[in-house]
Chemist: 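Provided herewith is a single structure, encoded as structure tokens, for subsequent inquiry.
No experiment lies behind these values; they were computed from the predicted model shown.
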Amino acid sequence: TFKLTGNGNAIIASAWYKLAIDSGQAASVQTAMTAYLSRVGRMKLISPIYRALAATDAGRAQAKAIFAKLGPGYHPIAQQAVERIIKGK
């Protein structure tokens, strides 16, 4: 209804994807969320999503898969931070 999935506003999209993950609906936004994570590299916007994914074992596996594909495109500091999030540190 509100077209939040795929929203062009990076801040709204980050909050929406985190909310979707927290409510158990990560699968329904996975394609749009992965596209978002490939476009945005600011830690303020991607770390809440990776933290939400890493909160469960299944989500951690999903985060690892996404990061394996997109991580090389992130800034080195962002790469290190996301690696720490995925490892649970």
Side-chain angles (χ1 to χ4, degrees):
T1 301
F2 298 107
K3 298 182 179 159
L4 295 172
T5 301
N7 189 304
N9 183 310
I11 295 171
I12 291 172
S14 177
W16 173 246
Y17 295 132
K18 182 190 177 308
L19 181 63
I21 295 163
D22 290 344
S23 64
Q25 300 298 315
S28 65
V29 297
Q30 182 169 355
T31 303
M33 178 181 64
T34 302
Y36 171 81
L37 290 170
S38 72
R39 288 190 318 271
V40 176
R42 291 196 65 193
M43 282 305 300
K44 144 183 174 170
L45 300 174
I46 65 171
S47 62
I49 296 170
Y50 279 107
R51 277 194 194 96
L53 285 171
T56 65
D57 290 335
R60 186 173 291 110
Q62 184 181 6
K64 284 181 185 179
I66 293 170
F67 183 68
K69 185 168 89 171
L70 303 178
Y74 292 157
H75 187 279
I77 294 172
Q79 290 176 357
Q80 293 171 358
V82 172
E83 286 172 356
R84 282 193 305 272
I85 291 169
I86 291 172
K87 290 178 182 174
K89 295 181 180 180

Chemist: Specify whether Phe67 and Tyr50 have parallel, tilted or perpendicular ring planes, treating 30° as the upper limit for parallel and 60° as the lower limit for perpendicular.
Modeler: perpendicular
Chemist: Distance from Lys69 atom NZ to Ser38 atom OG, nearest 0.5 Å?
Modeler: 7.5 Å
Chemist: Considering only heavy atoms from C-beta outward, does the side chain of Tyr74 approach that of Leu37 to under 4.5 Å?
Modeler: yes
Chemist: For Tyr36 and Val29, what are the C-alpha separation, side-chain angles and deciding distance, and is it a side-chain contact (heavy atoms from CB on, under 4.5 Å)?
Modeler: CA-CA 10 Å; Tyr36 171 81; Val29 297; over 6 Å; no
Chemist: Where is the tightest heavy-atom contact between Ala68 and Pro72, given as atom of each residue plus distance?
Modeler: O-CD, 3.9 Å
Chemist: Do the non-hydrogen side-chain atoms of Leu4 and Leu19 ever get within less than 4.5 Å of each other?
Modeler: no
Chemist: How long is the span from the CD1 atom in Ile77 to the CE atom in Met43, to the nearest 0.5 Å?
Modeler: 10.0 Å
Chemist: Donor-acceptor pair, Ser47 side chain versus Lys44 backbone, under 3.5 Å?
Modeler: no
Chemist: Donor-acceptor check, side chain of Ser14 to backbone of Ala10, threshold 3.5 angstrom: yes or no?
Modeler: no
Chemist: Just how far is it from atom CD1 of Ile85 to atom CD1 of Ile46, taken to the nearest 0.5 Å?
Modeler: 7.5 Å
Chemist: Enter the distance from Gln79:CD to Arg84:CZ here, rounded to the nearest 0.5 Å.
Modeler: 12.0 Å
Chemist: Is the CG atom of Asp57 crowded by more than 12 outside heavy atoms at less than 6.0 Å?
Modeler: no
Chemist: Is there side-chain contact between Tyr17 and Pro48, with heavy atoms separated by less than 4.5 Å?
Modeler: no
Chemist: Can you measure from NZ (Lys18) to CE (Met33) and round to the nearest 0.5 angstrom?
Modeler: 13.0 Å
Chemist: I need the Ile12 CD1 to Leu45 CG distance, nearest 0.5 Å.
Modeler: 11.5 Å
Chemist: Tell me whether the count of non-hydrogen atoms from other residues, nucleotides or ligands lying under 6.0 Å of CD1 in Ile11 goes above 12.
Modeler: no
Chemist: Do you know which two heavy atoms are closest between Ala54 and Arg60, and how far apart they sit?
Modeler: O-NH2, 2.7 Å
